[in-house]
There are 2 protein chains.
Amino acid sequence: MNRQAQGLFISGDWKRESHGPLYLQLQTHIEKAIETGRILHGDPLPSEREIAAMTGLSRVTVRRAVQELARRGLVVQKPGSGTFIAPEMQKVEQSLSTLTSFSEDMARRGNSVQSRWMEKGIFAPSPEETMVLGLASTDMVARVSRLRIADNVPMAIERATISTRFLPDPDLVTDSLYAQLDRLGNKPVRAIQRISAANLGRTDADLLEVGEGAAGLNIVRVSYLQSGKVVEFTRSVYRGDAYDFVAELKIGNNDDADKAQ
Amino acid sequence: MNRQAQGLFISGDWKRESHGPLYLQLQTHIEKAIETGRILHGDPLPSEREIAAMTGLSRVTVRRAVQELARRGLVVQKPGSGTFIAPEMQKVEQSLSTLTSFSEDMARRGNSVQSRWMEKGIFAPSPEETMVLGLASTDMVARVSRLRIADNVPMAIERATISTRFLPDPDLVTDSLYAQLDRLGNKPVRAIQRISAANLGRTDADLLEVGEGAAGLNIVRVSYLQSGKVVEFTRSVYRGDAYDFVAELKIGNNDDADKAQ
DNA sequence: AAGTGGTCTAGACCACGCG
DNA sequence: GCGTGGTCTAGACCACTTC
């Protein structure tokens, strides 16, 4: 077992630094130990049973504290192995005013990019897809879903749907979806994007390697051609701890600003 | 107790519709009951002890399922009273390309708006505030924090900091912060906004009346005067289930996207 | 006073990783 | 095979709301 984590709970004063339920006191105690660098990123935490013994709490209570930290991403629990302090994660910034691709974002940061294909093919559209893409009843759609990975860390899940009229053969999409659309002369020129937050479900959390219930950014994007037709309908889920969306806002109706300029 | 929820767990087949851990099976079972309208919004769920008795599970296991639903906001737990299906929540849209105020957003939807003041006064700046606002070492800041409420539902927490050079008397801020800044000739003309998702901590979750760990949108906004000086530094936390940010994107540099990997 | 959710315990079995 | 996290149980006390 690791030595530095040993002294964390023996002192007996870990209780007094907080108040309220025991599991919360323990939780904030561990949290502070991580923040102050008393335990280093990547290091293992003592096992739940050990912490229980050291603190005099039951394992259930210890577990509750650790689980909450895991849900927040400060800590990673590995069955059969142990619990480890999560590696530090610097947020990626993405502009909200220009349409950039994932590959672009990452390349700018000098990170290695990988994609794991999850689905790529022609399908019958769902009712939602039919509506959003404005399809005729006989139209089919191409779906390309992939897990986006940067430096071996899964960052986002992308689920794109395109009418086969604009993308007849999804297998030709190898790297950038936009690159392929461009080759076909169907590159979008504008898009509407909706951003909201939600707790990740089991499936998505597992893919992104975070705890179930961790916060994620849901992004729904609809892209338009110059002609105004809808090309692409993409639902993405980003890790909340890995992404930061940046937008520049301008004042709506402001007479003073106009005059001053 | 309510009658319609009675039959939910007696059948004995609630287990077979799912697989995996019992608490997950129960969780998805209740979830479906809500989705399909088998239990109505606002109705009470049977008590944890009752569900335990009906399903043959222990209360701990039942509790785990219910708690997860509470964290997701599908259900509200009221100590001493019971657990209730949460009222349906329609999302509010907010544009990301124009700077609008909360009051504006809500007024457009025809909702009643309230604010609960949490902090309003002059303070010594934190290191972060000093840096972001570009303060001299002797400068003081005005802080105005409030809980934003629409139709009696808490929607967001707003914590704004302004240098006293631009807002000498925060007590004069009654409704819109921007309105007051405008009166003083210090209305911002542009802003940079960062959006990310995170699980809500105890304090914020309590204020927003959602479960601890529910997903929230963190928004940090820095507003600029025409002169380029920083006026305002605001950190807001929005309920993930209540807000939807909308952005319109334009294609930046087309060629870069193709080349980027 | 009775019932509710909130917390906590002690003990158990499982599947899995690792040496 | 041993230790880990993952799940589950039965029973307990508390603070609170409701009647």
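Throughout, a chain's letter reflects where its sequence line sits, starting with A, and its residues are numbered from 1. Small disclaimer: the values here were computed from a predicted structure and weren't measured.
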Between A:Arg63 and D:dG5, is there a contact of a side-chain N or O with OP1 or OP2 at under 4.0 Å? no

Any side-chain N or O of B:Gln77 less than 4.0 Å from the OP1 or OP2 oxygen of C:dG6? yes

Provide, to the nearest angstrom, the distance between the [atom1] atom belonging to [X] and the [atom2] atom belonging to [N].
| X | N | atom1 | atom2 | answer |
| --- | --- | --- | --- | --- |
| B:Arg64 | D:dC8 | CZ | C1' | 9 Å |
| B:Leu57 | D:dG11 | CG | C1' | 16 Å |
| B:Gln25 | D:dT7 | CD | P | 12 Å |
| A:Leu45 | D:dG3 | CG | C1' | 15 Å |
| A:Gln67 | C:dC8 | CD | P | 15 Å |
| B:Leu26 | D:dT7 | CG | C1' | 14 Å |
| B:Arg202 | C:dG6 | CZ | P | 9 Å |
| A:Leu24 | C:dC8 | CG | C1' | 13 Å |

Checking [X] now: which residues fulfil salt bridge (charged side-chain N to carboxylate O under 4.0 Å, His left out) with it, not counting sequence neighbours?
| X | answer |
| --- | --- |
| A:Arg143 | A:Glu129 |
| B:Arg146 | B:Glu158 |
| A:Arg72 | A:Glu31, A:Glu68 |

Among [options], which nucleotide sits nearest the side chain of [X]?
| X | options | answer |
| --- | --- | --- |
| A:Tyr23 | C:dT7, D:dG5, D:dT7 | C:dT7 |
| A:Glu50 | D:dT4, C:dT7, D:dG6 | D:dT4 |
| A:Glu48 | D:dG6, D:dC8, C:dT9 | D:dG6 |
| B:Ser47 | D:dT7, C:dT7, C:dT4 | C:dT4 |

Compare all side-chain heavy atoms of B:Phe84 with those of B:Lys78 and state whether any distance is below 4.5 angstrom. yes

Which residue, A:Lys78 or B:Thr61, contacts DNA chain D at a nucleotide closer to its 5' end, judged by nearest heavy atom? A:Lys78

How about A:Phe245 and B:Phe245: are their ring centroids closer than 6.0 Å? no

side-chain contact (heavy atoms from CB on, under 4.5 Å) involving A:Pro21 - partner list, sequence neighbours excluded: A:Tyr23, A:Leu24, B:Arg202

Holding to side-chain contact (heavy atoms from CB on, under 4.5 Å), I want the full list of residues that pass it with A:Ala160, two or more places apart in sequence or in another chain. A:Val144, A:Ile162, A:Leu177, A:Thr234

Between the protein and nucleotides 12-19 of chain D, list the N/O to N/O atom pairs that are separated by less than 3.5 angstrom.
unit_1, atom_1, unit_2, atom_2, d
D:dA12, N6, B:Arg59, NH1, 3.4
D:dT17, O4', B:Gly80, O, 3.4

